[in-house]
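One-based numbering, in listed order, for ligands and for the atoms of each.
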Amino acid sequence: MLELLLPRRCGGCGAPGEHLCGACRRALAQPPQRVSPRTHPHVPTFAFGTYAGAHRGVVLAMKERNNLALRRHLGAVVAAGLEHLEARGEIPAGAGLVPAPTRASSARARGGDPVEAVCRASGRQTWPALALAPRTADQSTLGAEERRANLAGAVRAAFVPAGPVIVVDDVVTTGATLEASVAKLLALGCDVAACVALCAA
Ligand SMILES: [Zn+2]
């Protein structure tokens with residue numbers, strides 16, 4: 001309903017008009033590049049850009065409950081980026097996606113997990129296998145070592161996805177969430193090929 005009443009704005013830069021303006025589409029169309037977070041997630045890790053400009057804008061906007069059009073577009077961005085990595089031989093063809101875990105409470109507040117929605121919108125097989133234990137503290141105020149300690153043993157797997165898979169998150173900061181996710185999947189015998197984030201902070 002709100003989408004009908006409010007003027008449409010670009011999710012990347014806020015300009016009125018489209019869900020995503022031409023300049024932001026071009027910024028997001030850049031192929032994913034290798035990144036090296038401080039806590040290395042055991043497997044090659046890629047990001048579509050840095051946490052600024054269009055990338056920062058869409059990450060913040062995709063968390064809004066009603067921004068379904070933007071989530072669909074980001075699904076297409078992820079699909080194109082993964083095809084690019086396949087063509088470069090960086091990831092195996094046709095890998096499924098595992099959304100990085102969020103705290104259940106924050107996913108509910110956002111009207112479902114936006115990262116899972118983007119994974120599904122990419123058209124890839126999506127395995128929402130991972131969750132964080134209920135008492136895991138909010139990561140946003142913690143440093144790298146504190147994040148590692150906070151996440152040790154906190155990632156739970158509801159099932160083992162059929163590999164190969166790629167773990168997907170919105171922002172990679174210290175790498176602690178991806179590292180704990182990959183470690184959990186590897187311990188369960190899952191074939192994890194890579195991690196991909198929309199941006200790196
Ligand atoms: Zn824009």
Provide the tally of protein N/O/S atoms nearer than 2.8 Å to the Zn ion (ligand 1).
4
I want to check something: taking the side chain as every heavy atom from C-beta on, are [X] and [Y] in contact at a cut-off of under 4.5 Å?
{"X": "Glu179", "Y": "His42", "value": "yes"}
{"X": "Glu18", "Y": "Arg25", "value": "yes"}
{"X": "Pro114", "Y": "Arg71", "value": "yes"}
{"X": "Thr45", "Y": "Leu178", "value": "yes"}

Please evaluate residues Glu116 and Arg124 with respect to the criterion salt bridge (Lys or Arg N to Asp or Glu O under 4.0 Å), reporting the C-alpha separation (whole Å), side-chain torsions for both, the decisive distance (0.1 Å), and the verdict.
CA-CA 11 Å; Glu116 182 184 335; Arg124 295 253 170 171; over 6 Å; no
So, Arg34 and Glu90, do they make that salt bridge, N to O below 4.0 Å?
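Result for this pair is yes, salt bridge flagged.
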